[in-house]
Amino acid sequence: MRTSSSRRERRTTIRAISAAVAVAAGAALLTGCGDDGAGGGADKAGKEQITLRIGTFGSFGYDNTTGAKLYAEYEKAHPNIKIEESNVADGQKYWDTLKLRLSRNSGLADIQALEVGYIAEATGAAMADKWTDLRTTGGADLGAFLDWKVKQATTGDGKVIGLGTDIGPMAICYDKDLFAKAGLPTDRTEVAKLWAGDWAKFIRTGETYKKNAPAGTAFHDSASGLFNAVVASEPVQYADTKGELDYANSPGVKKAWDTAVAAAQGGLTAKLRQFDEKGTWNAAFKNAKFATVACPSWMTGIIKEQAGPENQGKWDIAAPPVAGNWGGSFLAVPKSGKHAKEAAELAAWLTAPAQHAKVFGVNGNIPSSKDTLDSPAVQDAKLPYFGDTPVGKIYSQAAAGITPAPISRWDGQVKTFLTDNGILDIEQRGTDPAKAWDNVRKLVDDKIAK
């Protein structure tokens, strides 16, 4: 999924890194309690009754309500196991709390989701020994995953700490009704031509939309979301080729910053923070307040959930200006859990190709397993919420072109500083871009160990 906006962004200030705030916020986040897993009693076969807790963020598509009902399926096959998911919309808050709990070895779920922006930190020397080596637990076919996905979750000494859930090939989702009212084409092929090959064309399309925009609407949801989409399409992002943080000299970060600033200062966005705690961004989907959103595959599930049934069929999906990968996640098993063996087996099952296909069919999360990407279940898939849109073809074609950029252990944190303390200040408060950049630089220098 999920990702944060990272699948899963939030407004980050200096207090976001403070342990005191993380303690206060953490009480209700990852698992909801300090007990790592309830046991007691036995099923009819004599197996101990246990509860496995899963900590997630964003939209993974496993749940029994709007997801693929994978928990119910697994519980039926394993009568002694009950699964409880604790989900947090805010990916940065999730990660801050998870790090604190790892440091204290307390309050962890049996399975913890990890977003790609933080995987380098999770596999680094300070955290690598906190996780179960999923090569040795059985049940997971590592050869089924994209090679680069496995590599991202591999520690320096060769342990695999996470199993891939999804990847985040990019598209642009757009509201056909709003495009029509603004005099823009609505056919997805014609829409893609508006901005093909260049994010600057996307900005110009936004300017065209603005001239005839329906009252109370904006072209794009969020300048921060646009920043993430642009940087995700760049071969150089936050790290250099050695995996060392080098955001200040990154041509990809510069292009993304300049594009997002142009959108913010041009009045092309709804000035929203994605995944905000008040639910303002969510409500804007339902109320049709913006016409486009940068749309990695996992975003389709969020649109379906937040825009609601009354808007089914109104959204479509077009190719992005430039292909890229935004997000993607893993399931990891803390070594200290009371039920690490059972948790590893569940993680392996949830991330197996068959389950990848089920989640995609319901939630739109593009699988990170090779055979599933090439299967008819994905290639020919359409999501009912998006009508006849060939969702599978659009995203699988985008996925085929992904070449992952180098990542550093600080990518997720720096991205949050750039978006929530940089772009968002420009967008919502009119902060001068040079001043906003300087604020970001000071935060990075102050809060990130070199």
(request) Under the side-chain contact (heavy atoms from CB on, under 4.5 Å) rule, what do Trp95 and Leu114 come out as? Steps first, then yes or no, please. (result) CA-CA 8 Å; Trp95 177 244; Leu114 301 176; 3.8 Å; yes

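- Considering Thr300, Asn363, Asn365 in turn, Asn363 is the only one that fulfils the side-chain hydrogen bond (donor to acceptor under 3.5 Å, both in side chains) rule with Ser59.
- Residues Asp246 and Asn249 form a side-chain contact, since some pair of their non-hydrogen atoms from C-beta on lies under 4.5 Å apart.
- The two residues Leu272 and Ala284 have their closest heavy-atom pair at CD1-CB, 3.6 Å.
- Salt bridge status for Lys82 with Glu75: absent, with no side-chain N to carboxylate O gap under 4.0 Å.
- Across all their heavy atoms, Ala294 and Trp326 have their closest contact at CB-CZ3, 3.9 Å.
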(request) Could you please spell out the steps behind the side chain to side chain donor-acceptor pair (under 3.5 Å) verdict for Gln112 and Tyr94? (result) CA-CA 10 Å; Gln112 296 284 176; Tyr94 171 93; 2.8 Å; yes

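- For Asp371, the CG atom sits in a loose shell: 12 or fewer heavy atoms of surrounding residues, nucleotides or ligands are nearer than 6.0 Å.
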(message) Does Val440 form a side-chain contact (heavy atoms from CB on, under 4.5 Å) with Lys442? I'd like the steps, not just the answer.
(response) CA-CA 5 Å; Val440 169; Lys442 289 177 180 177; over 6 Å; no

(request) Would you please test Lys415 and Asp411 for salt bridge (charged side-chain N to carboxylate O under 4.0 Å, His left out) and show each step? (result) CA-CA 6 Å; Lys415 177 169 67 174; Asp411 283 16; over 6 Å; no

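- Salt bridge present: Arg429 and Asp425 bring a charged side-chain N and a carboxylate O closer than 4.0 Å.
- Distance alone, capped at 3.5 Å, places no donor-acceptor pair between the Arg101 side chain and the Leu108 backbone.
- The existence of a salt bridge linking Asp316 and Arg188 is confirmed by a sub-4.0 Å separation between a basic side-chain nitrogen and an acidic carboxylate oxygen.
- Closest non-hydrogen pair, Trp315 versus Phe386, comes out as O-CD2, 3.5 Å.
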(message) The test is side chain to side chain donor-acceptor pair (under 3.5 Å); show your working for Glu305 and Thr66 and say whether it passes.
(response) CA-CA 8 Å; Glu305 182 177 351; Thr66 60; 4.5 Å; no

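- Counting heavy atoms from C-beta outward, Lys447 and Phe417 have side chains that approach closer than 4.5 Å.
- For the 3.5 Å distance criterion, the side chains of Glu85 and Tyr71 qualify, holding a donor opposite an acceptor.
- How far OH of Tyr74 is from CD of Glu345: 5.5 Å, rounded to the nearest 0.5 Å.
- By the 4.5 Å heavy-atom criterion applied to side chains, Phe57 and Asp90 are not counted as neighbours.
- Environment of NZ in Lys370: crowded, with over 12 heavy atoms of neighbouring residues, nucleotides or ligands closer than 6.0 Å.
- No side-chain heavy atom of Asn282 sits less than 4.5 Å from a side-chain heavy atom of Phe275.
- Ring orientation note: the planes of Phe202 and Trp199 are nearly perpendicular, at an angle over 60° on the 30°/60° scale.
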Show me the donor-acceptor pairs within less than 3.5 Å that the side chains of residues 132-139 make with the rest of the protein, sequence neighbours left out.
unit_1	atom_1	unit_2	atom_2	d
Thr132	OG1	Val333	O	3.1
Asp133	OD1	Arg135	N	3.1
Asp133	OD1	Arg135	NE	3.1
Asp133	OD1	Val160	N	3.1
Asp133	OD2	Arg135	NE	2.9
Asp133	OD2	Arg135	NH2	2.6
Arg135	NE	Gly158	O	3.3
Arg135	NH1	Gly158	O	3.1
Thr136	OG1	Asp133	O	2.9

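- For Phe285 and Phe290, the distance between ring centers is under 6.0 angstrom.
- When ring centroids are compared, Trp410 and Tyr238 stay outside the 6.0 Å threshold.
- By the 4.5 Å heavy-atom criterion applied to side chains, Lys286 and Gln306 are not counted as neighbours.
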(message) Applying side-chain contact (heavy atoms from CB on, under 4.5 Å) to Lys304 and Leu383, what does each step give before you reach the verdict?
(response) CA-CA 10 Å; Lys304 179 185 73 171; Leu383 298 177; over 6 Å; no

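- Tyr385 places a side-chain N or O within donor-acceptor distance of the main-chain N or O of Gly308, the cut-off being under 3.5 Å.
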(message) With side chain to side chain donor-acceptor pair (under 3.5 Å) as the criterion, how do Asn80 and Glu48 come out once you've worked through the C-alpha distance, each side chain's angles and the decisive distance to 0.1 Å?
(response) CA-CA 6 Å; Asn80 66 311; Glu48 180 190 10; over 6 Å; no

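- For Val253 against Ser250, the heavy-atom pair with the smallest separation is N-OG, 3.1 Å.
- For Gln92 and Tyr118, the side-chain atoms include at least one donor-acceptor pair closer than 3.5 Å.
- Around the NZ atom of Lys151, the shell of radius 6.0 Å holds no more than 12 heavy atoms that belong to other residues, nucleotides or ligands.
- Not a single donor-acceptor pair under 3.5 Å links the side chain of Glu234 to the backbone N or O of Val236.
- Between Ile172 and Cys295, the closest side-chain pair of non-hydrogen atoms is not below 4.5 Å.
- Taking all atoms of both residues into account, the shortest heavy-atom contact from Asp374 to Gln379 is O-CG, 3.7 Å.
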(request) Could you check Asp63 against Lys69 for salt bridge (charged side-chain N to carboxylate O under 4.0 Å, His left out), going step by step and ending with a plain yes or no? (result) CA-CA 5 Å; Asp63 66 276; Lys69 299 178 173 57; over 6 Å; no

(request) Give the C-alpha distance, both sets of side-chain angles, the deciding distance and a yes or no for salt bridge (charged side-chain N to carboxylate O under 4.0 Å, His left out) between Glu427 and Lys271. (result) CA-CA 6 Å; Glu427 185 177 35; Lys271 302 182 179 181; over 6 Å; no

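- The neighbour count for Lys159 NZ, taken as heavy atoms of other residues, nucleotides or ligands under 6.0 Å away, is above 12.
- At a threshold of 4.5 Å between non-hydrogen side-chain atoms, the residues Asn439 and Asn421 do not count as touching.
- The two residues Arg53 and Ala109 make their nearest non-hydrogen contact at O-CB, 3.4 Å.
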(request) Output, in order, the C-alpha distance, side-chain angles, deciding distance and verdict of side-chain contact (heavy atoms from CB on, under 4.5 Å) for Asn325 and Met170. (result) CA-CA 6 Å; Asn325 184 78; Met170 282 288 306; over 6 Å; no

Give every donor-acceptor pair under 3.5 Å between a side-chain atom in residues 346-362 and any protein atom, sequence neighbours left out.
unit_1	atom_1	unit_2	atom_2	d
Thr351	OG1	Ala347	O	2.8
Thr351	OG1	Ala348	O	3.4
Gln355	OE1	Lys358	NZ	3.0
Gln355	NE2	Trp349	O	2.7
His356	ND1	Ser369	OG	2.8
His356	NE2	Gly164	O	3.1
His356	NE2	Thr165	O	3.0
His356	NE2	Thr351	O	3.2
Lys358	NZ	Glu73	OE1	3.2
Lys358	NZ	Glu73	OE2	2.8

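- Proximity of Glu342 to His78: side-chain heavy atoms (C-beta onward) are nowhere separated by under 4.5 Å.
- No more than 12 heavy-atom neighbours from other residues, nucleotides or ligands sit within 6.0 angstrom of NZ on Lys435.
- With rounding to the nearest 0.5 angstrom, the CD atom of Glu244 is 6.0 Å from the CG atom of Asp240.
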